[in-house]
Asks: 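Quick one: this structure, given as structure tokens, is what I'll be asking you about.
In what follows, residues are counted from 1 in the order of the sequence shown. Each ligand, and each atom within it, is numbered from 1 in the order the structure gives.
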Amino acid sequence: MQSKIIIANWKAYLSIVESEELAKEIYDFAKSKKDLPKIIICPSFPALPSVGKILCGRKNIKLGAQNASWCERGAYTGEVIAPCLGELGCEFVILGHSERRKHFNEKNPDINQRVKMALQNNLTPIVCVGETREEKQAGQRDDVVRAQVIECAGDLDPEPGQKIIIAYEPVWVIGTGQAVAPEDAEHSHQVIKQALVDKYSESEYNTHFQIIYGGSVGAGNLKGFFEKDIIAGVLVGGASAKAQSLKQLIEVCL
Ligand code: 13P
């Protein structure tokens, strides 16, 4: 199978100790495998230092954070700045997740600032977009997704070698156990690609962008998504935060 990415978003499911235990189990499991897919583990902020130490040394396993501030440094109590994430060994950062949009009122313009700050600090942003159930029912899916892509990631100036990952996550399937059909995900990936090609160019798109799917992915449906060329990987929540289901996901890729 062509090399695809699995991004594990552990959300706020685990304590530090539980995160370390899961990381150790995945590290040991990975040690026994020859050809791992590219795996990006995104624990909660407090678990980043120890999970990073446990996983470092495995070539195909990287560390990511679940958010980063739009400010570089300053009097912003409670913010986590991108330079700190780099110092902790993060190479990736999830931005604009629908749970951040819903519970913490993050909007496209400030997500755009976070994406720029991530790139300035050499982190690969994983920019989440996706329609709500109401938007889908109103027939607005493609317009909403296109607008999110353009407003969050339509005016970037990536340096050579820098990548931006766009994660299409239909909000209404997250955490339900019912993913969208691979064909529907493929359609939205095409919408996202077209929005980016319109803003950049086909060759810049190919150089700097990748699009992945998220929303109720598990070992049972992973293959269907990976069979689509345009789907470069998956962003997994619930199934990535338990040892057995994360190992099963990895097994599907071997
Ligand atoms: P689930 O895999 O639990 O549906 O979560 C998806 C998600 O939000 C990943 O960022």
Side-chain angles (χ1 to χ4, degrees), residues 4-14 18-19 22 26 37-45 47-48 51 62-68 85 90-106 111 114-115 118 123-133 135-136 141 144-145 148-149 152-153 164-182 184-185 188-189 192 210-226 231-253:
K4 303 268 187 180
I5 316 165
I6 296 180
I7 305 181
N9 177 6
W10 289 355
K11 305 195 182 188
Y13 287 131
L14 306 171
E18 289 162 348
S19 302
L22 178 54
I26 294 307
K38 185 170 180 182
I39 302 166
I40 301 164
I41 303 285
C42 304
S44 60
F45 287 132
L48 281 170
V51 167
K62 306 282 183 197
L63 192 65
Q66 296 176 18
N67 202 3
L85 298 178
C90 290
E91 294 175 49
F92 296 82
V93 59
I94 298 171
L95 295 170
H97 193 281
S98 61
E99 289 149 14
R100 301 295 316 170
R101 295 174 188 263
K102 178 173 173 202
H103 301 297
F104 304 98
N105 208 25
E106 290 186 13
I111 294 162
R114 290 169 200 265
V115 173
L123 296 168
T124 299
I126 301 157
V127 187
C128 301
V129 299
E131 79 286 356
T132 62
R133 183 183 299 280
E135 289 163 343
K136 180 180 168 343
R141 177 188 61 183
V144 166
V145 168
Q148 287 176 336
V149 170
C152 296
I164 297 111
I165 298 173
I166 308 288
Y168 171 63
E169 295 207 301
V171 180
W172 52 282
V173 301
I174 291 177
T176 63
Q178 284 292 315
V180 300
D184 289 333
S188 294
H189 279 57
I192 292 167
Q210 284 179 303
I211 312 173
I212 64 173
Y213 170 77
S216 292
V217 173
N221 59 19
L222 183 64
K223 241 188 165 144
F225 294 109
F226 278 2
I231 301 182
V234 287
L235 177 54
V236 190
S240 78
K242 293 183 214 86
Q244 198 195 359
S245 44
L246 181 52
K247 286 186 205 169
Q248 283 169 344
L249 279 167
I250 298 169
E251 289 278 5
V252 174
C253 306

Asks: Mark the output for S216 as yes if a heavy-atom distance to ligand 1 is under 4.0 Å, and as no if none is.
Replies: yes
Asks: I would like to know whether C42 and F92 meet side-chain contact (heavy atoms from CB on, under 4.5 Å); could you show each step before the answer?
Replies: CA-CA 8 Å; C42 304; F92 296 82; 5.5 Å; no
Asks: Can you see which heavy atom on I111 is nearest to which on G96, and at what distance?
Replies: CD1-CA, 3.6 Å
Asks: Closest non-hydrogen protein atom to atom 5 (O) of ligand 1, residue and atom name please, with distance?
Replies: K11 NZ, 3.2 Å
Asks: Does any N/O atom on V236 come nearer than 3.5 Å to any N/O atom on ligand 1?
Replies: no
Asks: Quick test: of every protein heavy atom, which one is nearest to atom 2 (O) of ligand 1, and how far off is it to 0.1 Å?
Replies: G237 N, 2.9 Å
Asks: What are the two closest non-hydrogen atoms of I6 and P37, and how far apart are they?
Replies: CD1-CG, 4.3 Å
Asks: How far is atom 7 (C) of ligand 1 from its nearest protein heavy atom, and which residue and atom name does that atom have?
Replies: E169 OE2, 3.1 Å
Asks: Using a strict 4.0 Å cut-off to heavy atoms of N9, name the atoms of ligand 1 that fall inside it.
Replies: 9 (C), 10 (O)
Asks: Identify which of G175, A241, A167 has a heavy atom lying nearest to atom 4 (O) of ligand 1.
Replies: G175
Asks: Are any of the N/O atoms on G215, whether in the backbone or the side chain, positioned under 3.5 angstrom from an N/O atom of ligand 1?
Replies: no
Asks: Would T124 and Q210 count as a side-chain contact (heavy atoms from CB on, under 4.5 Å) if you check the C-alpha gap in whole Å, the side-chain angles of each, and the deciding distance to 0.1 Å?
Replies: CA-CA 11 Å; T124 299; Q210 284 179 303; over 6 Å; no
Asks: At their closest point, which heavy atom of G237 faces which heavy atom of K11, and how far apart are they?
Replies: CA-CE, 4.0 Å
Asks: Where is the tightest heavy-atom contact between L249 and V217, given as atom of each residue plus distance?
Replies: CD2-CG1, 4.2 Å
Asks: Taking the non-hydrogen atoms of A239, is any one of them nearer than 4.0 angstrom to ligand 1?
Replies: no
Asks: Between I212 and F225, is any pair of side-chain heavy atoms under 4.5 Å apart?
Replies: no
Asks: Return yes or no for this condition: an N or O of T176 is under 3.5 Å from an N or O of ligand 1.
Replies: no
Asks: Do H97 and ligand 1 have an N or O pair less than 3.5 Å apart?
Replies: yes
Asks: Tell me which part of I174 gets within contact of ligand 1: side chain, backbone, both or neither, using heavy atoms under 4.0 Å.
Replies: both
Asks: Can you tell me how far CD1 of I41 sits from OG of S19, rounded to the nearest 0.5 angstrom?
Replies: 10.5 Å
Asks: What I want to check is whether the side chains of W172 and E135 have a donor and an acceptor closer together than 3.5 Å.
Replies: no
Asks: Considering both backbone and side-chain atoms of G238, is one of its nitrogen or oxygen atoms within less than 3.5 Å of a nitrogen or oxygen in ligand 1?
Replies: yes
